Amino acid sequence: MEQYDHSKIEKKWQKNWASKKIYRTRDDSAKKKFYVLDMFPYPSGEGLHVGHPKGYIATDIVSRMKRMQGHEVLHPMGFDAFGLPAENYAIKMKTNPADAVKKNVAHFKEQLENIGFDYDWTREVNTTDPEYYKWTQWIFVQLFKRGLAYESFEPINWCPVDKTGLANEDVEDGKCERCGTPVEKKMMRQWILKITDYADRMLKDLDAKNRDDIPHLVDRKNPPLAGKKSVERKTVHALVVNPKNGKILCIKWKKFPWTGFVIGGVEEGEDIVEAARREVLEETGYKNLKFIRVLGGIVKGEYYAAHKGENRVAYSNAIHFELIDDAQAPIGAEEKAKHAPVWLDPKKLNHDNFTCAELDVWMQRLNMSDAELAKIEAAADKPLLDWPESIKELQKNWIGRSEGVNFMCKIKDLGILVEMYNSVPQTYCAETFTVIAPEHPLVAELIKGTKNEKAVLEFVEKIKAKKAANRFDIDKDMEGMFTGRYIENFAGTGRDLPIWIASYVLADYGTGMVNCSAHDERDYAFAKKYDLPLHPVAEKLIKTTEGEDAVRPEAPYVERNAVMCVVKHWSEDKYLCLSTKAVDWKGFVIGGIEGNEGPAAAGVREIVEETGYANPEFVKILGGKLHAQFYHIVKKENRFAHFQPALFKLKNGDRKETSESEKALHDAVWLSSEEVSKFLNREALVIAWNRAHGIEDKPPVKNGILTEPAEFAGREWSEVRSDIIDHLVQKGYATRKVNYKLRPWVFSRQRYWGEPIPIIHCEKCGIVAVPEKDLPVKLPRVKFYEPTGTGESPLAAIEEWVNVKCPQCKGLGKRETNTMPQWAGSCWYYLRYMDPKNKKTFADSKKEHYWAPVDLYVGGAEHATRHLIYARFWHKFLYDIGVVTTIEPFKKLQHVGLIMAEDGRKMSKRWGNVVNPDEIIKNIGADSLRVYEMFIGPFDQQAAWSTNNAIGSRRFIERVWRLQEKVTAAEIIIGGNAAKIEALIHKTIKKVTEDIDAMRFNTAISTMMIAVNELERETTVSKGQYETLLKLLAPFAPHVADEIWQAKLKHKESIHVSAWPVFDAAKLAESTVEIIVQVNGKVRATFESETNAGNTDLEARALAISEIKKWIGDKPVKKVIIVKGRLVNVVI
RNA sequence: GCCCGGGUGGCGUAAUUGGUCAGCCGCGCAGCACUUAAAAUGCUGUUCCGUAAGGAGUGUGGGUUCGAUUCCCACCCCGGGCACCA
């Protein structure tokens, strides 16, 4: 037999596939689509290392299987090449970035092709191609037109080495993500994208349910009819609200049991808002409508239009109006016959924030019975986003939604009103001072004319000059200065709060000004440093969760006040305590405070009662109260107790008799101060002890029991929060407020290598967008493109490019010279793959309807908080302007675990541990490389490369190759092990198919290896079984599979367009099973049994086994547990 | 500090509605066969202790159960992300 020689076959098949165009994707297919996407690479100068293709191999496998399963597969590839890394590389190599990128892309592409991917290269995109970035710029113009892109002048992060402004996402730990230089704050003219407008929706949709599965009503009541022609229509829903009562104008169809919005077709040349007005007038007669807004997105409906005898595919926008008055025009007879206007109570409909799709869902619900609703809820109980929880969590933290209140405060003597955000409003009575960010515009006003003015201004300048990274360290970097101003009578507490400028306050979160209390670590440290007053309003709660006195949920809660007595000996340094007999417990004398006695009297009484010592004297109250929750064993109740620690002293050793009942409970014992510290195993007592010795607590924590305000005293910190907010809002001290950590996206870079921002500055007209017909604004090719560091991009120096006519007034204008950041192009590339050559639009809407959303998106987890957030933002925006149909771009997301070098470090030129895939392909072949990378471990887990281990994959492929020798012409072999082998093949089909779907490639390969090992033991292998195995292997090792399939087995077409095998459940079942017999849970014997043997039969056979008899001996059998088809367990 | 993920042979790992002696598959290692020899290939073995019978064993300690890698509680360790967001 011919030897397996990868070098002969791999190139051959790569050429063959390309020439036969077997991976060409069609847009007009009747097949079900599957869109599988890789995060496209950023082509660096260094080329690929073996880690890069891991994700690409995975998507290649999935795409090949899906194609064989009969899907129309879109599996494209392209290059993201604008931005700093490419530009810095070009500067280093002293070439033009455009040339460097061209070279790098060619190199990447060649390396990728060597691995044998099934990309349709006719759909390649490159973000630096003017035909591509024309549409990146077009989207920017749309953002600009809707006020989501704006110019601003404010302090932003600036990298002094890369000489450009940076987005919040580009800063890691106060340093530039690219070069590690600490960033500075710099006042700059810049472009901002208002990503924050989408914060809430991006957060909400992470946990949203899958609305795609809610059928549109039109689908259900009037489904499309087969054989009728299909017509596309643009339609509108009108949401007309009566502002007086909130009711919504709908129409009731007379022939159908159906109530819904006014819906109508949009006529040629008609605006959607006009169309909606016209339809409302025609169908209901209401003529005076106030336009509110166009709801985001469009809804697709497919139905049969009976009156026209055609199937309709309708794309509908929704328009929100308010009724101005009741004036009604007469309704035509024809309309009257069809339906009548009705006003519906919207119940809980909050239409202010609705998207079109949500409105559509709500409308359908109007007409559903409860049973129908429940059914649909269940169907939609799948998440909208099938993403790893960890990535969702990362995004949630990044967006950082925080619900709190804005306090309204008045500045004393100036009368200025300011707002201050607080997400922990429980502390409002604790607040003792206010801090303000040095950058805050109010600073100047506060100090104007005061004697401190000059000193404060100097201080502000000093802090501003500090690097961002050095302003916030609690231990050393915090600095502040008093402004001389106060907040007046804050929130009715009667306190004026001094206003300080503090280095640690964030100017761009909340309002840049914060009220401070002892309950925040930084504020506490600041107060200590500058000797500011503190006023804690919460005390610690000790909740016993372990042992006999652990809180028991079933027991009632009882509130008690008590005294905790620290009783000193009359002459020695020892302390009087109790040893409790029932629970092996030693502790201070504790007793309830009765009626109107105080802690001093109660303490004296309890000490006498419980210890017999006759003359205790009250010395002093120690610190504040302690709060505890525990279970009172004797009274069988949960105690919510407030202890007042107090110091007592015995005058002398005189004793009285204690009562019998007290004696039974505990003894009085003396403990040395050391011993006391030893048995103080409950935090409460430690604190009491510390207070008795004047040791101060750490800064108060954010939990415990509130002591102020009086209305909420004694309640638990977390539980009281919402009531406090209600209280503050009611009293008018504050309003509810939500804040986000997500910042506006700083979108301009003062660099050459990026998409020019398509804006023209005109002296007369101001900021004008480049008209869409003039796009793209091409990046000019230049000799000098190094960053200037002046805050202007190198483009600013090219006069012939900068000077341009204003598109509005034709006067003198200047181009915007900043460029877009690296992340811009990747925000929408997945849409361009759907229709990469389109010159009229970024993607044809029919193609978008067919391909969207991306079914599977594979890439590194490091993109969770940048690319994936940015892309979701742009996608939602495109949805809102009605140009895409899904609310999320990526349905399923899978992240790739990194491949590390053999030394366990990241592969990098710096460590000299890079493994080049070209090398591996030369030695063992692309197929072996592919199989190895998938076999290395769980796909999403990091793994270390081992060239040695890769040999195992090569051996596996060789074994498959040699199996050819055993293949007989027969499709199926009869007799011998035939049934067993057939079952094995079907098991393998099932497992491999399921594993590829779940991206468990390592176990899929393992399963195939087991199958090959089994087949090797047979003398002959049937052709049918061998071909099945080859098909399963084909996505993993496409070259060798096709070589055997076409060259050896003489098939005329590629294995990659053959049909994927389907397993037969009937063939999986085996007639006998091995039953294990356990004695007391330990396996002692096994026996063969028919699959469906009954329990009594199994028991009898198990007990008859001599080995089992031996283990049972003469002990009585207590119980026999039988698991059908599995085991018999004898309990003795 | 906070949020995820994980801890199983010499190594990468497999097995979870709790149930076939835990360790599939692969690497490595050892022995054997083939060979003058080597490579390649094939076969056998390979968690630990013990000559064996047998026992122990999935980070540690406890719990639930006839039975726990799988469930519960506490803790330890490793990896990743966030850490100024009041």
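Everything quoted here is computed from the prediction, not taken from an experiment. Letters go in sequence order (proteins before strands), and every chain restarts at 1.
Checking the phosphate oxygens (OP1, OP2) of B:G81, no side-chain nitrogen or oxygen of A:Arg866 falls inside 4.0 Å. A close approach under 4.0 Å does occur between a side-chain nitrogen or oxygen of A:Arg955 and OP1 or OP2 of B:C27. Note on A:Ser402: a side-chain N or O is less than 4.0 Å away from OP1 or OP2 of B:A86. Regarding contacts with the backbone of B:G19, every side-chain N or O of A:Asn1129 stays at 4.0 angstrom or more from both OP1 and OP2. The side chain of A:Asn948 contributes an N or O atom lying less than 4.0 Å from OP1 or OP2 of B:G28. For B:C85, neither phosphate oxygen OP1 nor OP2 lies less than 4.0 angstrom from any side-chain nitrogen or oxygen of A:Tyr421. OP1 or OP2 of B:A86 has at least one side-chain nitrogen or oxygen of A:Ser423 nearer than 4.0 Å.
Relative to the six-membered ring of A:Trp387, A:Arg872 meets both conditions, a distance below 6.0 Å and an angle of at most 45° to the axis.
Rounded to a whole Å, the CG atom of A:Asn1002 is 15 Å from the P atom of B:C27. One can place CZ of A:Arg522 at 4 Å from P of B:C85, the figure rounded to the nearest angstrom. Remark: C1' of B:G26 and CZ of A:Phe956 are 11 Å apart, rounded to the nearest angstrom. We find that CD of A:Glu1016 is positioned 12 Å from P of B:U41, with the value rounded to whole Å. A:His895 places its NE2 atom 9 Å from the C1' atom of B:G5, with the value rounded to the nearest Å. Rounded to whole angstrom, the span from the CD atom of A:Glu393 across to the P atom of B:C82 amounts to 14 Å. Remark: P of B:C11 and CZ of A:Phe935 are 17 Å apart, rounded to the nearest angstrom. In this structure, A:Lys392 places its NZ atom 25 Å from P of B:G80, rounding to the nearest Å.
For A:Pro938, whose side chain is taken as the heavy atoms from C-beta onward, the closest listed nucleotide among B:G28, B:U13, B:A86 is B:U13. The side chain of A:Arg962 lies closest to B:G42, out of B:A86, B:G26, B:G42. Closest contact between the side chain of A:Ile1121 and the listed nucleotides B:C66, B:C85, B:G81 involves B:C66. In the set B:C24, B:A86, B:G81, B:A86 carries the atom at the smallest distance from any side-chain atom of A:Val514. Taking only side-chain atoms of A:Lys741, from C-beta outward, the nucleotide of B:C85, B:C27, B:A86 with the closest atom is B:C85. Comparing B:U13, B:G42, B:U41 by their nearest atom to the side chain of A:Glu958 picks out B:U41.
For B:G9, the glycosidic angle deviates from 0 by 90° or less, giving a syn base.
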As a quick check of understanding, evaluate side chain to side chain contact (heavy atoms under 4.5 Å, CB included) for A:Met934 and A:Lys54, giving each step before the final call. CA-CA 7 Å; A:Met934 293 299 99; A:Lys54 187 178 170 191; 3.9 Å; yes
Which dot-bracket string describes RNA chain B (Watson-Crick N1-N3 plus N6-O4 or O6-N4, or G-U N1-O2 and O6-N3, all under 3.5 Å; [ ] crossing; | other strand)? (((((((..(((......[.....)))((((((.......))))))(((....)))..(((((..]....))))))))))))....
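In this structure, the side chains of A:Glu169 and A:Thr865 stay at 4.5 Å or more apart for every pair of heavy atoms. Between A:Leu1015 and A:Lys966, the closest side-chain pair of non-hydrogen atoms is not below 4.5 Å. A:Asn948 has its side chain out of reach of A:Glu902: every pair of non-hydrogen atoms, C-beta onward, lies at least 4.5 Å apart. You'll find the side chain of A:Ser517 stays beyond 4.5 Å of the side chain of A:Asn515, heavy atoms only. Here the side chains of A:Met513 and A:Val505 are not in contact, with every heavy-atom distance at 4.5 Å or above.
Two residues, A:Asn422 and A:Ile1010, neighbour RNA chain B, and the one matched to the more 5' nucleotide by heavy-atom proximity is A:Ile1010. Comparing A:Lys991 and A:Val1130 along RNA chain B, the residue whose closest nucleotide (by nearest heavy atom) sits nearer the 5' end is A:Lys991.
Shown here is A:Lys990, whose NZ atom has no more than 12 heavy atoms of other residues, nucleotides or ligands within 6.0 Å.
Nucleic acid contact class of A:Asn1013 (heavy atoms, under 4.0 Å, all strands): sugar-phosphate only. Among the heavy atoms of the strands lying under 4.0 Å from A:Gln941 are primed sugar atoms or P, OP1, OP2 only; no base atom is included. Using a 4.0 Å heavy-atom cutoff across all strands shown, A:Arg743 reaches at least one base atom of the nucleic acid. A:Asp940 comes within 4.0 angstrom of no nucleic acid atom, judged by non-hydrogen atoms across all strands.
Separating the CD1 atom in A:Ile487 from the OG1 atom in A:Thr434 is a distance of 4.5 Å, to the nearest 0.5 Å.
If you take atom C1' in B:C48 and the same atom in B:C3, they sit 38 Å apart, rounded to whole Å.
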